[in-house]
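Take a look at the structure set out below.
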Amino acid sequence: MTPATVRTPNGLDLTRHRLAPGARLDLDARPEQESALILLGGQLTAALPDGDHTAERPDPFTAPAAGWYLPPGTALTATAGPDGADAVEVHAPLTGRPPETTEVTAITAPEREVRGHGSFERHVTTLLTPPRTSGLLLGETLALDGRWSTYPPHRHQHSNPPHETELQEVFAFRVHPASGFGVLLTYDDGVRDAHPTVITDTSLAAVPSGYHTIAAAGGHDLYYLWAAHGTSDTHLALHTDPAHAWLLDS
C-alpha cells in the first residue's frame, strides 16, 4: 500500500505505512527535525546501535503503544515481522530547546488516563512531551462504543499561555470494527459553521487551527494517534469553546 501523508503549515507531518512481511522502512537522519515511529499493529524490529529491538502489537485497541523516538540527526531502519506492520512516522521541526537525548530511544506507554465521563469518556496515553523532545507532543486516544472525544470542542490556536498555546495537530485513525466510521468536526466560530470529515479505519487528518471535536459511530471503538507542534509553544493548553464549557463542570 502506498504511504499516506498529512501535513500542517508549520512543518509537522505524519505518514502511515502498511508494510508487507519482511518489508524495510528507513527513517533518514534529519538534522533540523525530531521524529517518532509508532507501531499501530503487527511487528517491527529496529536495528539500534546496541542491537535489534522488536516491538509487537496486535492492535491499538487491546495493547499499549510501542515505538521509537529519534532526536535530530539520528536514523532508524525497521523491518516488518511475518504478518507485516501498520506503522506511523511523525516529523516535527525543532524549537529553540534541544531534546534531552541524542540517541534513538524506545517509546513505552504509561497507563492510560481516563478523561471526561459518560458519553464523552475517553482513554488518553501521553507518549512524548518536552523536555524529552524539543517540542513534539505525541499521544493516543481511545473512545469506546460511540463516545465523543476531544470534547467539549476545544482549540489551541493562539499563543496566550497559560490559558492557550498555539499548536497545530495531525491525526491517524483506526476504527473497530474496521467497517465502521466516526466524524471529525472543525470550526472557527460556532458549530453551525462546522466542517464535517468522515473518519474511517485508514483516515488521516490535520487540524492547523480552530475548534475541533471527534465522535465514534454507535457500536464502534475509535482510536487515534495524535501529534502536535508549535513554533514557539511547547506545551498543550486548551481553550474550550465557551458555548460548551459548562460541560466541564457537569
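Electrostatic pairing of Glu113 and Arg115 counts as a salt bridge here, judged by a charged N lying under 4.0 Å from a carboxylate O. Salt bridge annotation for Asp86-Arg174: present, with a cationic side-chain nitrogen under 4.0 angstrom from a carboxylate oxygen. Between Arg57 and Glu140 there is a salt bridge, since at least one side-chain N of the basic residue sits less than 4.0 Å from a carboxylate O of the acidic one. A salt bridge links Arg155 with Glu164: the closest approach of a Lys/Arg side-chain nitrogen to an acidic carboxylate oxygen falls below 4.0 angstrom.
In this structure, His163 contributes its side chain and Pro161 its backbone to no donor-acceptor pair below 3.5 Å.
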Checking Leu44 against Trp68 for the side chain to side chain contact (heavy atoms under 4.5 Å, CB included) test, could you report, in this order, the C-alpha distance in whole Å, the side-chain angles of both residues, the deciding distance, and whether it holds? CA-CA 11 Å; Leu44 280 175; Trp68 299 272; 3.9 Å; yes

Determine, stepwise, if the pair Thr95 / Thr231 fulfils side chain to side chain contact (heavy atoms under 4.5 Å, CB included). CA-CA 6 Å; Thr95 63; Thr231 303; over 6 Å; no

Could you walk me through whether Asp26 and Arg24 satisfy the salt bridge (Lys or Arg N to Asp or Glu O under 4.0 Å) test, starting with their C-alpha distance in whole Å, then the side-chain angles of each, then the deciding distance to 0.1 Å, before giving a yes or no? CA-CA 7 Å; Asp26 294 314; Arg24 196 175 81 170; 3.1 Å; yes

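Ring-plane geometry between His117 and Phe120 is classed as tilted, the angle between the planes lying from 30 to 60 degrees on a 0 to 90 degree scale. Aromatic ring pairs are classed by plane angle as parallel below 30°, tilted from 30° to 60° and perpendicular above 60°; the pair Tyr211 and His239 is tilted.
Judged purely by distance below 3.5 Å, without hydrogens or angles, the side chains of His154 and Thr240 never pair a donor atom with an acceptor atom.
No close placement of the His212 and His195 rings is indicated, their centers lying 6.0 Å or farther apart.
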